[in-house]
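Residue numbers count from 1 along this sequence.
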Amino acid sequence: MANGVELVWEGKKKEVERVALPFQRVEVINESRGSRREAPLFASGRSLPADPLFAQPAGDQWPAGWRNKLIWGDNKYVLGSLVEEFAGKLDLVYIDPPFNTGTDFSFQVAVGQQGLVKEASSIEETAYRDTWGGGLPSYLSMLWERLGLVHQLLSPTGSLYIHIGPNVSHLVRAMVAERFGAAGVSGEIIWQRTSSHGDSHWWGVVHDVLLFSTKSSAYKWNSQSRPFTEQYVSSHYGSVEQATGRSFSASSLTAAGTRMGETGQPWRGFDPNTIGRHWAKRPSELEQLDAQGRIYWPKKAGGWPREKLYLDERTGRAVSNIWDDIPNVNSQAKEDTGYDTQKPEALLERLIRASSNEGDLIADVFCGSGTTMAVAERLGRRWIGCDLGRFAIHTARKRLLEIPNCKPFEVLNLGRYQRRYWQGINAGEAVFEYLKFIVELYHGEPIVGFSHLHGRKGGSMIHVGATDAPVTFSEVRDALDECKANDFKALDVLAWEWEMGLNDKGRRDLEREFGIEVHLFHIPHEVMDKRAVDAGDVHFFEAAYVEAELRLEGQEVTVELKDFLVAIDDYMRTKVGDAIKKWSDWIDYWAVDFDYNGDVFHNQWQSYRTRKEPKLELISNPHRFAEGGKKQILVKVVDIFGNDTTALLDVEV
């Protein structure tokens with residue numbers, strides 16, 4: 001409650017549940033080969049027994065143990081999981097939660113030489129329905145939970161910016177005041193995002209609102225300026241100093257209100273108290289300005305002395321809380337990524353410069369196409385970005401790679417830990433309930449009496465992988481042994497993750513070995529969302545596969561992509577239609593880890609499409625091994641929708 005006022009709505013919770021889950025690191029980008037072998041530590045110095053997140057890159061300028069972080073997942077869980085390590089450590093948080101427009105998760109996808117609008121995935125749609133499906137109360141509840149966690153994460157000198165629509169800004173402002181209390185400051189910025197236009201029933205709405213709040217009155221602040229317009233210069237800097245020819249503006253030397261001290265005393269015969277004011281500077285400072293010729297003495301009788309502000313010494317006029325000088329991102333802008341809700345880099349640059357310093361830690365947990373992360377990287381800030389959409393994370397990754405000398409960063413998710421938590425909430429230790437649930441979602445019939453077979457669908461048996469581990473070759477072999485012993489002819493394997501190399505080639509090898517038809521299906525993330533389950537928005541797709549070939553010459557190796565099969569449904573295949581001319585048109589990005597050792601994928605080379613360079617290289621640059629022996633090379637391919645798959649290659653150097 002702030003100032004005795006509380007915002008109340010249906011479904012508001014007094015206490016917000018915080019679930020803390022370990023992060024799973026899935027990729028490291030722009031890091032040297034040597035630094036990947038260093039002993040990993042938490043930023044706080046505590047040892048991390050598994051899935052280390054905070055290994056210190058060699059020569060990194062950040063505090064020991066730091067990498068910037070791009071996180072895929074529900075920001076409610078991500079924020080809760082960040083609290084343990086980062087409570088009171090974030091210097092600036094910017095959030096741009098979904099507006100009630102229905103376009104917040106759509107984006108333009110390049111397909112061959114054409115483009116199409118990729119609508120929200122099932123998990124994004126259900127998240128959007130959860131946000132706005134219950135009207136304003138559901139939106140306020142979503143934001144209320146996250147603001148409570150953001151408050152815990154902000155440092156005592158930290159600031160929060162909430163980018164919001166004008167239709168709900170008054171309610172969100174009251175909510176923020178309740179969450180943050182009266183210890184800090186708050187305000188409202190109006191951003192004119194589009195040019196003036198009419199409306200047949202009312203004044204045209206051309207702005208968004210940025211709500212500003214701080215945790216205390218001792219917050220970081222760096223005043224910002226904007227360039228003078230020609231009109232402003234002509235109206236304010238019309239005076240010219242005859243001796244030097246310099247243009248200047250004559251600014252008042254007094255401030256409102258009378259004072260008893262030295263600034264309230266007469267100076268050079270001018271008594272500010274007679275006009276209800278006081279001197280804005282001490283008399284000694286006024287004397288110094290006069291000695292420098294910086295005081296303008298009006299020739300007109302009764303005119304007060306004023307300070308000369310020279311135009312050639314000014315960087316611009318101070319930025320107010322009306323921002324009408326930053327245009328929205330249009331389709332011709334170099335920074336455009338195809339996201340309908342993408343915000344301009346100039347907007348983020350202004351608020352990041354104002355409310356943080358180099359080396360500070362910035363977070364954006366609705367990061368979309370990665371504007372906040374890209375600007376923070378350019379300005380020398382550390383950053384954490386999070387989004388629910390796979391394609392958002394992929395777009396941000398590509399965008400960051402375009403920045404010269406981009407520092408190492410890592411891609412994280414809550415992965416198996418979130419799945420394990422979900423299983424515990426829904427089935428506890430009753431593993432059979434989990435297996436039954438997955439089989440039925442796959443439209444199969446659960447069965448009992450087998451060790452490795454969990455269901456039947458048509459003529460195929462079903463094996464379901466665990467929530468907290470990838471399905472391995474040996475696991476599939478056990479299921480195939482059971483199929484063979486019972487004369488079953490086909491096996492469908494459902495998995496959250498796969499052992500490296502268990503792709504289409506591995507599947508075909510297993511089919512030849514056992515004489516049994518094998519199909520590999522991903523268990524979709526939407527399985528964990530009750531709203532998606534209830535709405536029938538859960539779809540199992542066969543695992544994509546990539547075929548790659550090595551070329552070895554001495555100790556140098558290159559990788560060539562030979563084929564790729566995308567994992568999408570018939571609807572998307574039909575929508576893409578004739579735009580796909582060849583298999584490589586499905587690929588947006590691919591990368592190679594030449595020194596894969598079974599841990600985390602380290603991106604050592606990559607090729608990806610941009611609007612400027614839409615062509616995709618299909619052969620990697622040569623990589624030279626420092627020493628001979630057996631090596632493993634991991635290839636990661638990301639399709640045009642943001643989904644990734646891998647291929648594991650063995651080579652002896």
Nearest atoms (heavy-atom pairs only) where [X] meets [Y]:
X: Arg397; Y: Leu70; value: N-CD2, 3.9 Å
X: Leu153; Y: Val83; value: CD2-CA, 3.7 Å
X: Cys483; Y: Ala490; value: SG-O, 4.4 Å
X: Arg18; Y: Glu84; value: NH1-N, 4.1 Å
X: His602; Y: Val600; value: ND1-O, 3.0 Å
X: Gly385; Y: Cys367; value: C-SG, 4.1 Å

[X] side, atom [atom1]; [Y] side, atom [atom2] - distance, nearest 0.5 Å:
X: Glu547; Y: Glu549; atom1: CD; atom2: CD; answer: 8.0 Å
X: Thr395; Y: Leu400; atom1: OG1; atom2: CG; answer: 11.0 Å
X: Ser81; Y: Ile71; atom1: OG; atom2: CD1; answer: 8.5 Å
X: Leu480; Y: Glu513; atom1: CG; atom2: CD; answer: 8.0 Å
X: Arg390; Y: Asn413; atom1: CZ; atom2: CG; answer: 8.0 Å
X: Met528; Y: Tyr421; atom1: CE; atom2: OH; answer: 11.5 Å

Geometric class of the [Y]/[X] ring pair [parallel <30°, tilted 30-60°, perpendicular >60°]:
X: His522; Y: Trp498; answer: perpendicular
X: Phe541; Y: His539; answer: parallel
X: Phe409; Y: Trp383; answer: tilted

Do [X] and [Y] have side-chain heavy atoms sitting under 4.5 Å apart?
X: Leu414; Y: Phe23; value: yes
X: Tyr417; Y: Gln24; value: yes
X: Lys69; Y: Arg67; value: yes
X: Asn643; Y: Val566; value: no
X: Asp585; Y: Arg609; value: yes
X: Trp496; Y: Asp468; value: no
X: Leu618; Y: Ser584; value: yes
X: Phe601; Y: Thr646; value: no

Check for a donor-acceptor pair, side chain of [X] on one end and backbone N or O of [Y] on the other, with a separation under 3.5 Å.
X: Asp492; Y: Ile462; answer: no
X: Gln604; Y: Phe594; answer: yes
X: Glu31; Y: Pro408; answer: no
X: Asp588; Y: Val638; answer: no

Worksheet item: Which residue pairs pass the salt bridge (charged side-chain N to carboxylate O under 4.0 Å, His left out) test when at least one of the two sits in residues 436-461, sequence neighbours left out?
Response: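 As it turns out, the salt bridge (charged side-chain N to carboxylate O under 4.0 Å, His left out) pairs with a partner in residues 436-461, which skip direct neighbours, are Lys436-Glu440.
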
With [X] via side-chain contact (heavy atoms from CB on, under 4.5 Å) - residues at least two apart:
X: Thr645; value: Ala544, Val546, Phe564, Val637
X: Glu482; value: Phe450, Ser451, His452, Leu453, Asn486
X: Gln632; value: Tyr596, Leu648, Asp650
X: Gln606; value: Leu401, Tyr589, Ala591, Asn603, Tyr608

Indicate yes or no: does Arg507 engage Glu542 in a salt bridge with an N to O separation below 4.0 Å.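 No, Arg507 and Glu542 are not salt-bridged.
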
Going by salt bridge (Lys or Arg N to Asp or Glu O under 4.0 Å), name the residues that satisfy it together with [X], two or more places apart in sequence or in a different chain.
X: Arg399; value: Glu345
X: Lys530; value: Asp534
X: Lys76; value: Glu145
X: Lys484; value: none

- Option among Val471, Val439, Val431 that satisfies the side chain to side chain contact (heavy atoms under 4.5 Å, CB included) test with Val464: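 One option only clears the test, and that one is Val439.
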
(request) Please report the C-alpha distance between Ile95 and Val365 in whole Å, then the side-chain angles of each, then the deciding distance to 0.1 Å, and finally whether the side chain to side chain contact (heavy atoms under 4.5 Å, CB included) criterion is met. (result) CA-CA 6 Å; Ile95 61 174; Val365 294; 3.7 Å; yes

With sequence neighbours excluded, what pairs up with [X] under the ring pair (Phe, Tyr, Trp, His ring centres under 6.0 Å) test?
X: Phe366; result: none
X: Trp605; result: Trp590
X: Phe514; result: none

If you apply the rule salt bridge (Lys or Arg N to Asp or Glu O under 4.0 Å), what do you find for Glu402 with Lys398, and how did you get there?
CA-CA 7 Å; Glu402 288 287 288; Lys398 289 203 305 179; over 6 Å; no

task: Could you check Val493 against Glu475 for side chain to side chain contact (heavy atoms under 4.5 Å, CB included), going step by step and ending with a plain yes or no?
output: CA-CA 10 Å; Val493 183; Glu475 185 177 340; over 6 Å; no

His463 vs Val476, side chain to side chain contact (heavy atoms under 4.5 Å, CB included): CA-CA, chis, key distance, verdict:
CA-CA 8 Å; His463 172 80; Val476 178; 5.7 Å; no

* Got a sec: does the CD of Glu553 have more than 12 other heavy atoms crowding it under 6.0 Å? ->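 No - once you tally the heavy atoms of other residues, nucleotides and ligands closer than 6.0 Å, there are 12 at most.
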
Query raised in the report: Applying the side chain to side chain donor-acceptor pair (under 3.5 Å) test to Asp364, which of Asn75, Thr372, Thr371 qualifies?
Result: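 Of the listed residues Asn75, Thr372, Thr371, the side chain to side chain donor-acceptor pair (under 3.5 Å) partner of Asp364 is Thr372.
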
- Please test Lys636 against Glu27 for side chain to side chain contact (heavy atoms under 4.5 Å, CB included), starting from the C-alpha separation and ending with a verdict. CA-CA 10 Å; Lys636 173 179 284 191; Glu27 183 173 352; 3.1 Å; yes

